[in-house]
Structures are given as C-alpha cells and as structure tokens.
Amino acid sequence: MKTQSLKDFWRYYGYGVDQQELIDREFKRIKGVTYLEHAGTTLFPESQIKGFYDDISRNVYGNPHSHNPSSRLTHDTVESVRYRILEHFNTCPEEYSVIFTSGCTAALTLVADTFPWKAASNDGPGSQFCYLTDNHTSVVGIRGVTALLGVGTVSVLPHEVETRARKPPTQTNGEEECSAPHLFCYPAQSNFSGRKYPLSYVKGIQSQQLYPACEHRGRWFVLLDAACFVSCSPLDLSQYPADFVPISFYKMFGFPTGLGALLVRNEGAEVLRKTYFGGGTAAAYLVAENYFVPKPNVVSRYDITGRI
C-alpha cells in the first residue's frame with residue numbers, strides 16, 4: 001500500500017471513489033469545515049437521506065400491532081432490519097435478540113432497571129456491579145440504581161483486569177453454591193480516549209478468570225459498550241459473546257438520531273425482570289386486579305416498537 005496513491009487507497013478499502021469524489025458526492029455541506037466530532041456522531045451521506053425520503057414517500061407504514069397491509073409492511077421491515085443487524089455482528093436469532101431503544105443510554109437504562117440485582121443478606125453474598133473507570137457516564141450512572149438496592153459497587157482500573165487475575169474462588173465442602181448475579185461493564189472503545197480494550201475480556205470475565213470476577217463466586221454477565229467501537233470496527237459476537245451490547249445507530253450512520261439497540265444474548269435475556277408494561281408489550285392484564293402476562297419473547301417485552 002505504500003506505493004499506492006491516496007485515490008487507490010480509498011478504492012482499496014471499498015469506497016469505490018477517492019476521498020474528494022466522495023466528499024463532492026455525499027458531503028458537499030462540509031466544504032470549508034473541519035469536522036472533528038466523529039466520536040460523538042458521524043456525518044450522514046446525502047444518499048442515505050434521499051433513500052429514506054424515497055422509502056417513506058412510496059410506502060405507507062402502519063402500527064405494527066394491527067392487522068392490515070400497512071401494519072404488515074412495518075412489521076416485516078422491522079424484522080428484516082433485526083436480522084440484518086444480527087448478520088452484521090456475525091450472529092443469529094438463535095443466539096441474540098435485537099431490542100430497539102431510543103439510544104445507547106436507553107439501552108443501558110434498560111439493563112440497569114431489569115437486571116436481577118441481589119442485595120447481600122444472611123442467606124448469602126449479593127450482586128456486584130463492576131465497571132472499568134474508563135467508561136461512559138451512562139455506564140457509571142447505573143450505580144444510582146444499584147446503590148438503592150444495597151448492591152456492591154466496584155470501579156476497576158484498566159490494568160487491574162489482568163494484573164489482579166487469579167484462579168476463581170472454589171466452593172468448599174458443605175458450602176452452598178453462590179447464585180448471585182454480577183455485572184461487569186466495559187467499553188470496547190473509550191468515548192473519551194479512543195482506547196480499544198481487549199474483546200477477550202468478555203470470556204475472561206464470564207469464566208471468572210479475570211479481575212474482579214475471579215474474586216466473587218456467582219454468575220457473571222458482561223455488558224460490552226460497543227457504541228463507539230462499532231462505528232469504525234467490526235464486532236464478531238460469535239467470538240466475543242457479551243451478554244448485553246448497547247449500540248447507537250447515529251454513531252454508525254449519522255442518521256437517524258434517537259435510535260439505538262440493545263443486543264441481548266438469549267441466555268442472558270432469561271434473567272431480566274421487567275415490572276412496567278405498556279403498549280403492545282402485554283399479552284394480557286386485568287384493570288381491577290394485579291394481573292399481568294408479558295409477551296412470550298424478549299423482543300416483544302422490551303422493544304420500543306412494542307410500545308407504539
């Protein structure tokens with residue numbers, strides 16, 4: 001690549017045109033502007049907006065929970081997009097579910113509100129909420145939920161994950177197995193520094209080989225904040241099966257804003273506990289009695305398209 005021109009470089013990486021041609025075709029509005037906010041959100045290309053306008057101009061999208069052609073179109077379109085998202089992250093519906101949210105922060109809030117936190121008691125140790133110190137504000141903010149529930153909080157310095165690793169604690173004879181659920185959160189790429197952290201931490205924490213999981217018995221879940229990472233790097237969930245993966249589409253494409261997703265490993269989805277219900281998330285409920293039956297699958301229970 002050293003002997004190639006900049007034009008060849010851009011063509012080599014799949015753009016089809018050189019940098020200036022791409023700017024002239026898709027980003028005429030930034031002429032004379034140096035845009036340095038890609039960590040917050042990338043710029044959308046003009047063809048994306050035109051494609052979106054053409055789509056909503058030609059089609060009639062209805063409420064996905066009704067039974068008519070426009071509603072079926074909405075339902076089918078949403079499900080097709082779900083499948084393409086899973087395909088992009090090299091996984092499938094058998095392994096992961098895509099829950100649409102209003103953004104990455106909403107995805108994190110969903111985990112905070114529905115994770116089965118357990119306070120320590122005479123019956124055994126409680127949950128631990130652990131996070132890397134180099135984390136997004138919205139991740140650290142989860143401790144506002146856990147503090148009220150009496151859940152322990154541990155902030156972890158980046159170097160401690162590996163330097164403090166040791167064999168996980170073993171269960172002694174006569175000691176009951178610890179079933180406390182714990183959550184470790186870290187960014188695949190830091191929003192602040194741009195530093196990329198090893199994706200191998202996912203399995204290392206889940207198997208209790210790395211700190212802080214190696215110091216606490218129980219079941220460990222990993223939340224991998226991938227919002228910044230996936231805007232510029234591929235993420236293979238078949239190799240790094242994090243339990244919860246929040247993303248923001250505007251960071252990836254620049255448009256639409258106010259739309260993100262939480263990719264939930266189906267094994268982890270089973271532990272989530274939702275109390276509030278609304279819109280199309282309920283299979284049945286009674287007005288005069290405290291009776292409620294949620295929709296059967298995780299997507300129907302949590303997805304924002306279920307609250308239309």
Side-chain angles (χ1 to χ4, degrees), residues 78-79 81-101 103-118 127-132 135-136 138-139 142 161 168 179-189 197-210 212-213 216 218-230 233-249 252 260-274 281 294-306:
V78 170
E79 294 309 309
V81 171
R82 259 191 249 277
Y83 182 82
R84 291 178 65 184
I85 292 170
L86 293 174
E87 190 175 45
H88 178 76
F89 293 107
N90 196 30
T91 187
C92 61
E94 289 72 34
E95 298 295 329
Y96 278 85
S97 296
V98 177
I99 300 173
F100 288 114
T101 65
C104 183
T105 296
L108 292 164
T109 303
L110 192 156
V111 176
D113 290 341
T114 61
F115 192 80
W117 306 107
K118 178 183 178 182
S127 299
Q128 294 291 320
F129 167 53
C130 308
Y131 56 88
L132 218 58
N135 244 314
H136 193 279
S138 298
V139 172
I142 295 175
V161 177
S179 60
H182 310 295
L183 182 65
F184 178 74
C185 306
Y186 82 100
Q189 180 173 339
Y197 290 94
L199 296 176
S200 58
Y201 285 1
V202 172
K203 289 184 178 180
I205 293 292
Q206 290 170 335
S207 62
Q208 296 183 256
Q209 300 297 312
L210 297 176
H216 301 275
R219 183 179 179 186
W220 279 88
F221 296 86
V222 175
L223 185 151
L224 179 69
D225 181 0
C228 183
F229 182 83
V230 298
S233 305
L235 175 60
D236 187 344
L237 290 178
S238 69
Q239 295 295 316
Y240 309 104
D243 300 286
F244 310 106
V245 184
I247 60 174
S248 291
F249 292 110
M252 299 173 69
L262 177 67
L263 278 60
V264 182
R265 193 180 180 195
N266 292 336
E267 288 183 16
E270 298 173 357
V271 306
L272 300 179
R273 298 290 181 263
K274 185 179 180 182
T281 64
K295 285 287 184 68
N297 63 71
V298 64
V299 168
S300 299
R301 291 197 297 269
Y302 298 101
D303 198 274
I304 59 173
T305 60

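Not measured: the values here are computed from a predicted model.
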**OP:** Answer yes or no: is there a side-chain heavy-atom contact under 4.5 Å between Ile85 and Phe249?
**Re:** yes
Original post:
Taking the six-membered ring for Trp, is the centroid-to-centroid distance between Tyr201 and Phe184 below 6.0 Å?
Top reply: no
Original post:
Looking at CZ of Phe244 and CG of Leu183, how far apart are the two atoms once the value is rounded to the nearest 0.5 Å?
Top reply: 6.5 Å
**OP:** Walk me through it: do Arg84 and Glu87 pass the test salt bridge (Lys or Arg N to Asp or Glu O under 4.0 Å)?
**Re:** CA-CA 5 Å; Arg84 291 178 65 184; Glu87 190 175 45; 5.8 Å; no
Original post:
What residue among Val161, Leu132, Val139 forms side-chain contact (heavy atoms from CB on, under 4.5 Å) with Tyr186?
Top reply: Leu132
**OP:** Check Ala112 against Trp117 and note the closest heavy-atom contact, atom names and distance.
**Re:** O-NE1, 2.9 Å
Original post:
In Å, rounded to the nearest 0.5 Å, how long is the span from SG of Cys185 to CG of Asn135?
Top reply: 6.5 Å
Original post:
How are the rings of His182 and His216 set to each other: parallel, tilted or perpendicular (split at 30° and 60°)?
Top reply: tilted
**OP:** Go through Arg219 and Val271 one step at a time and tell me if the side-chain contact (heavy atoms from CB on, under 4.5 Å) criterion holds.
**Re:** CA-CA 11 Å; Arg219 183 179 179 186; Val271 306; 3.6 Å; yes
Subject >> Val81/Phe100 under side-chain contact (heavy atoms from CB on, under 4.5 Å): CA gap, chis, key distance, verdict >> reply: CA-CA 11 Å; Val81 171; Phe100 288 114; 4.0 Å; yes
Subject >> Heavy-atom side-chain contact between His136 and Cys104 under 4.5 Å >> reply: no
**OP:** Output all residues satisfying salt bridge (charged side-chain N to carboxylate O under 4.0 Å, His left out) with Asp243, sequence neighbours left out; order by chain, then residue number.
**Re:** Arg265
**OP:** Kindly state each residue pair satisfying side chain to side chain donor-acceptor pair (under 3.5 Å) with at least one member in residues 89-101, sequence neighbours excluded.
**Re:** Asn90-Asp236, Asn90-Ser238, Ser97-Asn266
Original post:
Do Ile205 and Pro212 come close enough that some side-chain heavy atom pair is under 4.5 Å?
Top reply: yes
**OP:** State, to 0.1 Å, how close Trp220 and Cys130 come at their nearest heavy-atom pair, and which atoms those are.
**Re:** CH2-SG, 3.6 Å
Original post:
What heavy-atom pair brings Gln206 and Ala242 nearest, and what distance separates the two atoms?
Top reply: NE2-CA, 4.2 Å
**OP:** Starting at CG of Asp113, measure out to CG of Leu108 and round the result to the nearest 0.5 Å.
**Re:** 11.0 Å
Original post:
What distance separates Phe129 CZ from Leu223 CG, expressed to the nearest 0.5 Å?
Top reply: 8.5 Å
Original post:
Judged by atom type as modelled, is there a donor-acceptor pair below 3.5 Å linking the side chain of Ser127 to the main-chain atoms of Pro181?
Top reply: yes
Subject >> Phe221 CZ to Glu267 CD distance, which is reported to the nearest 0.5 Å >> reply: 9.0 Å
Subject >> Closest non-hydrogen atom pair, Phe229 against Pro234 >> reply: CE2-O, 3.2 Å
**OP:** May I ask you to test the Leu235-Ile247 pair for a side-chain heavy-atom distance under 4.5 Å?
**Re:** no
**OP:** Indicate yes or no: at least one non-hydrogen side-chain atom of Tyr131 is less than 4.5 angstrom from one of Asp225.
**Re:** no
Original post:
Rounded to the nearest 0.5 Å, how far apart are NZ of Lys203 and CD of Gln239?
Top reply: 6.0 Å
Subject >> Heavy-atom donor-acceptor pair, Arg82 side chain to Val98 backbone, under 3.5 Å >> reply: yes
**OP:** Determine the minimum heavy-atom distance between Leu199 and Ala188, stating which atoms define it.
**Re:** CD2-CB, 4.0 Å
Original post:
What closest approach, in Å, do Ala213 and Gln208 show between heavy atoms, and which atom pair accounts for it?
Top reply: O-NE2, 3.2 Å
**OP:** Report yes if some heavy atom in the side chain of Leu272 is under 4.5 Å from a heavy atom in the side chain of Tyr302; otherwise report no.
**Re:** yes
